[in-house]
Amino acid sequence: MLIYLQAIESDADRTKFEQIYSAYRSLMFYVANGILHNEYDSEDMVHSAFVSIAENIEKIDTPICPKTKAYVVTVVECKAIDLYRHRKRHPEVNYDENSVGLCVEYTGTNMIACCLSRLPTRYKNALLLKYRHGYSSKEIAKIMNVSESAAAKLIQRAKTKLDALCREEGIL
Amino acid sequence: MTDEKIREAAEKYEQAQLAALPTPPECDHIFTPRFERKMRHLLWQTNHPTLHLTMKRVACAAIVFILACGLLFTFSSDVRAAVMKWFKIKNDDYMHYSYVGDDEETSPAKYYLSQIPDGYTLVENLSRSIGDVSIYADENGRYLIFYYYYGLRGTEINSGGGEYESHTVQIENITADVYLACDSANSSAIVWFNEDNTILFQISGYLDEETLIDLVKKVSEK
């Protein structure tokens, strides 16, 4: 009987949000802790990321899929970097915007994706949220904890930087 | 660069990013009870959005109501008067008694001490617009004074001070403040209000707490 009840709970009755929570919370912690190196802060950032995810839950069609996985990773990375940037104002923290965040080496054939991988993490995340997940500047601002105009500026700078990198590589 | 090209590149990059992520066993983590508690709360909120929103609205309305009442109470003497007449405020070492209601009736009740401690005799009775004073003295010239003040707007009295030890006592249905002089050269006092908070009574004298409390019970209406 207990197994039966558990089966009901794990399939139909569980909400989209609960499924995302169960599936990705450890991965999200791993990403946050890779940036912050502090379990306490990392858990706080995972919670903060889930608050943002809950606010945008209607944008997620399939809770368990590669796109959602990439999305939750991007959101928690934004949160962790935001805290990291906040700490930048404190002298004991050494902050390097270009090196912090997930290190992904793109080895495929899409040269623009290769240039994208070389962007600072905040620029990369802003472009991923906008162009891959379809978020508006207002929604990105909320996730990244900045004003709407700052988010719009960030996206613009990210595009300019990507454009410059592509020109350097002779792609454009 | 077109948005379409960025979109394609973002998709390709995301695939590489997903491939670079660790497998579930690699990122296994036991979360703290604090995190689990916070998440349970968030899960409840997302599972019951309407109820959560209603509760938030009710809480906001309650806060607004409390703040509005607080502001009215602070700035409107009429509102204060509706719920209190004589009231007290502790001000540093002193207790400040103030009256905020409308002026009470012109021929209010008179009071007297039906019994006084041995050795004291009545020296003088003073009748004033704000209340009456009965002064008694013993053979050593030490005074025992019984005051009562009617509610007249703006009446204020200070009691206590650094040289007094004060506390509250319950005498039947009366709550009174006792001010005991630390130095025997000073007189002690007891202060209380009538049931409606419209009259403030005070007895002061070179007496101990027990005698002061007994005297409160001896106050009678003429």
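Below, chains carry the letters A, B, ... as their sequence lines are ordered, and counting in each starts from 1.
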Of all of [options], which one pairs up most often with chain A through heavy atoms under 4.5 Å apart?
{"options": "B/A20, B/P22, B/A10", "answer": "B/P22"}
{"options": "B/H29, B/Q45, B/E26", "answer": "B/H29"}
{"options": "B/L21, B/T23, B/I30", "answer": "B/L21"}

Count the heavy-atom pairs under 4.5 Å between each of [options] and chain B, then report the option with the highest count.
{"options": "A/E39, A/K124, A/K69, A/M111", "value": "A/K124"}
{"options": "A/D163, A/D44, A/I57", "value": "A/D44"}
{"options": "A/A54, A/C114, A/P66", "value": "A/P66"}

Taking the six-membered ring where the residue is Trp, are the ring centres of [X] and [Y] under 6.0 Å apart?
{"X": "A/F50", "Y": "A/F17", "value": "yes"}
{"X": "A/H86", "Y": "A/Y84", "value": "no"}
{"X": "A/Y30", "Y": "A/Y24", "value": "no"}

Correct closest heavy-atom pair for B/L18 and A/A70 would be CD2-N, 3.7 Å
Tell me whether [X] contacts the main-chain N or O of [Y] through its side chain, where contact means a donor paired with an acceptor under 3.5 Å.
{"X": "B/T46", "Y": "B/L42", "answer": "yes"}
{"X": "A/N110", "Y": "A/A113", "answer": "yes"}
{"X": "A/N56", "Y": "A/K59", "answer": "no"}

Could you tell me which portion of [X] (side chain, backbone, both or neither) has an atom closer than 4.5 angstrom to a non-hydrogen atom of chain B?
{"X": "A/L162", "result": "both"}
{"X": "A/V73", "result": "side chain"}
{"X": "A/E55", "result": "neither"}
{"X": "A/K130", "result": "neither"}
{"X": "A/C115", "result": "neither"}

Original post:
Where does B/E4 contact chain A at under 4.5 Å (heavy atoms): side chain, backbone, both or neither?
Top reply: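 Neither; nothing under 4.5 Å.
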### Part of B/T32 lying under 4.5 Å from any heavy atom of chain A
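Contact with chain A is through both the backbone and side chain of B/T32.
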From the list B/I174, B/V219, B/I190, side-chain contact (heavy atoms from CB on, under 4.5 Å) partner of B/F201 resolves to B/V219
Exercise. Would you mind reporting whether A/K142 and A/K138 have side-chain heavy atoms less than 4.5 Å apart?
Key: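 No, every pair of side-chain atoms sits at 4.5 Å or beyond.
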